[in-house]
Amino acid sequence: MLAAVVAVAVLATSGRGWYLFQLAEASVNRTDAIPTDGNDGGGGSAAMNLLLVGNDSRADLSDAQLSELMAGSDSGTNTDTMILVHIPADGSKASFVSFPRDSYVQIPGYGWDKLNAAYAYGHAEAPEDASETEKQAQGAQLLVKTISSLTGLQIDHYAEVDLLGFFNLTSVVGGVQVNLCQPVDDRRWSGAYFSAGEQTISGADAVKFVRQRHGLPRGDFDRIIRQQVFIAGVLRKMLSDDVLLDLGKQRDLVEAAASALTIDQSLDLFSLAQQMQSVTPGDIQFQTIP
């Protein structure tokens, strides 16, 4: 999801920026994710706190894709990846902080529970006759309130991507090189099956790579590290001359990124592009809360 955001942001500031920006705006999905209350805290008028969410929904996957990705059945409303991005007003390095999905936190109105339950609670509290879009908005709003309460920060914007969006984006990018110290055989769970050493992974293999947690020494914590490494690799790929100097790849990437994203109603992609145009591969540094 971070890759999708930066794809739109960085490429929208290239020589064909205005055209790419219009293309992104026409394709991106919008949701009412920012609540009117319960989202208070530090921030700044020019700085930006952006919550990036990976939704584990399989609703848009075909039976063939479910089989290819070893994704099982639709898990509904789980949010298994949550990253808070702080973009300073002065143009200094952005910070990326991951929140483990099993963090035990206070969910406003529901008491203590795992962090990834917040979206599900909000989704379920929507009226029975609400549309799926409205239910998703309720889920996003409660998750924003939970992260705001946990961090003491105001969440300004929200962006979400599901498994299909991630699959499509990594396929367009052409894969990312990773280096595994040990061979991986997790075919029973995530479907991950890789040899040791350097290799390029994309598409279904990329989804399996970032979903694996069984067989890793620290479980979810090591899965988060994998996700961070892979996202950083995608970003480096997008910021390379191979993409920035190829107009066809730029268009394909912006189309895939924008269609993969669901963002809040007020997020201005062009303003985001302007704030993130100084991002370089060396600026991409992740942290994970305990």
Item to check | Selection residues 169-183 - residue pairs positive for salt bridge (charged side-chain N to carboxylate O under 4.0 Å, His left out), sequence neighbours left out | outcome: none
Item to check | Separation between CZ of Arg211 and OG1 of Thr81, rounded to the nearest 0.5 Å | outcome: 10.5 Å
Checklist entry - Closest approach of Leu50 and Ala159, non-hydrogen atoms and distance? => result CD1-N, 4.3 Å
Item to check | Residues that Ser266 engages under side-chain hydrogen bond (donor to acceptor under 3.5 Å, both in side chains), provided they are two or more places apart | outcome: Asp264
Distance-only donor-acceptor hits, side chain of residues 139-151, under 3.5 Å, sequence neighbours excluded:
unit_1 : atom_1 : unit_2 : atom_2 : d
Gln141 : NE2    : Asp32  : O      : 2.8
Lys145 : NZ     : Asp37  : OD1    : 3.4
Thr146 : OG1    : Leu142 : O      : 2.8
Ser148 : OG     : Asn39  : OD1    : 3.4
Ser148 : OG     : Asp40  : N      : 3.4
Ser148 : OG     : Asp40  : O      : 3.1
Ser148 : OG     : Leu153 : O      : 2.8
Thr151 : OG1    : Ile147 : O      : 2.8
Thr151 : OG1    : Leu153 : N      : 3.2

Next on the checklist: Looking only at the side chains, is there a donor atom on one of Gln265 and His157 sitting less than 3.5 Å from an acceptor on the other?
Outcome noted: no
Item to check | Nearest-0.5 Å distance that lies between atom NE2 in His86 and atom CE in Met48 | outcome: 10.5 Å
Item to check | Residue pair Thr31, Glu160: steps toward the side chain to side chain donor-acceptor pair (under 3.5 Å) verdict | outcome: CA-CA 10 Å; Thr31 187; Glu160 177 185 313; over 6 Å; no
Item to check | Pairing residues for Asn29 by the side-chain hydrogen bond (donor to acceptor under 3.5 Å, both in side chains) criterion, not counting sequence neighbours | outcome: none
Next on the checklist: Strictly distance-based, threshold 3.5 Å: is any side-chain N or O of Asp186 a donor or acceptor partner for the main-chain N or O of Ser190?
Outcome noted: yes
Checklist entry - For Gln177, what residues pass the side chain to side chain contact (heavy atoms under 4.5 Å, CB included) criterion, not counting sequence neighbours? => result Glu198, Thr200
Next on the checklist: I'd like to know if the side chain of Asn49 and the backbone of Asp156 have a donor-acceptor N/O pair within less than 3.5 Å.
Outcome noted: no
Checklist outcome for this item: What one should report as the nearest heavy-atom pair of Ala126 and Gln138 is CB-CG, 3.8 Å
Item to check | Test side-chain hydrogen bond (donor to acceptor under 3.5 Å, both in side chains) applied to Arg226 - qualifying residues, sequence neighbours left out | outcome: Gln212
Next on the checklist: Keeping Ser27 on the side-chain end and Ala24 on the backbone end, is there a donor-acceptor pair under 3.5 Å?
Outcome noted: no
Next on the checklist: Restricting to salt bridge (charged side-chain N to carboxylate O under 4.0 Å, His left out), what partner residues turn up for Asp220, sequence neighbours left out?
Outcome noted: Arg101, Arg223
Checklist entry - If you look only at pairs with a residue in residues 103-112, which of them pass as a side-chain hydrogen bond (donor to acceptor under 3.5 Å, both in side chains), with sequence neighbours excluded? => result Tyr110-Glu125
Next on the checklist: Using a 4.5 Å cut-off between side-chain heavy atoms of Ile, Leu, Val, Met, Phe, Trp and Tyr, which other residues end up in the same hydrophobic cluster as Tyr193?
Outcome noted: none
Checklist entry - Looking only at atom types and distance, does a side-chain atom of Arg30 sit under 3.5 Å from a main-chain N or O of Leu267, one as donor and one as acceptor? => result yes
Next on the checklist: Quick check for you: to the nearest 0.5 Å, what is the distance between Ile83 atom CD1 and Phe99 atom CZ?
Outcome noted: 10.0 Å
Checklist entry - If you take all heavy atoms of Ala256 and Ser259, which pair is closest and at what distance? => result O-OG, 3.1 Å
Checklist entry - Quick one: side-chain hydrogen bond (donor to acceptor under 3.5 Å, both in side chains) partners of Glu255, sequence neighbours excluded? => result Arg251
Checklist entry - Transitively linked via ILVMFWY side-chain contacts under 4.5 Å: Phe209 with Phe286? => result yes
Checklist outcome for this item: All heavy atoms of Ser202 vs all of Gly174, minimum pair found to be CB-C, 4.2 Å
Item to check | Any donor-acceptor N/O pair, Asp222 side chain to Arg218 backbone, under 3.5 Å | outcome: yes
Checklist entry - Can a donor-acceptor pair be found between the side chains of Ser98 and Gln227 at a distance below 3.5 Å? => result no
Checklist entry - Quick one: salt bridge (charged side-chain N to carboxylate O under 4.0 Å, His left out) partners of Asp252, sequence neighbours excluded? => result none
Next on the checklist: Starting from Val97, can I reach Tyr158 by hopping between I/L/V/M/F/W/Y residues whose side chains sit under 4.5 Å apart?
Outcome noted: yes
Checklist entry - Partners of Glu134 by salt bridge (charged side-chain N to carboxylate O under 4.0 Å, His left out), sequence neighbours excluded? => result none
Item to check | Transitive ILVMFWY side-chain link Ile289 to Leu51, under 4.5 Å | outcome: yes
Next on the checklist: salt bridge (Lys or Arg N to Asp or Glu O under 4.0 Å) for Glu128 and Lys135? Distances and angles first, verdict last.
Outcome noted: CA-CA 9 Å; Glu128 288 187 10; Lys135 292 178 180 179; over 6 Å; no
Next on the checklist: If hydrophobic clusters are built by linking Ile, Leu, Val, Met, Phe, Trp and Tyr wherever their side-chain heavy atoms come under 4.5 Å apart, do Phe96 and Ile225 end up in the same one?
Outcome noted: no
Checklist entry - In the single-linkage hydrophobic clustering (I, L, V, M, F, W, Y; side-chain heavy atoms under 4.5 Å), do Val161 and Ile224 co-cluster? => result no
Checklist outcome for this item: All heavy atoms of Phe221 vs all of Pro100, minimum pair found to be CE2-CG, 3.8 Å
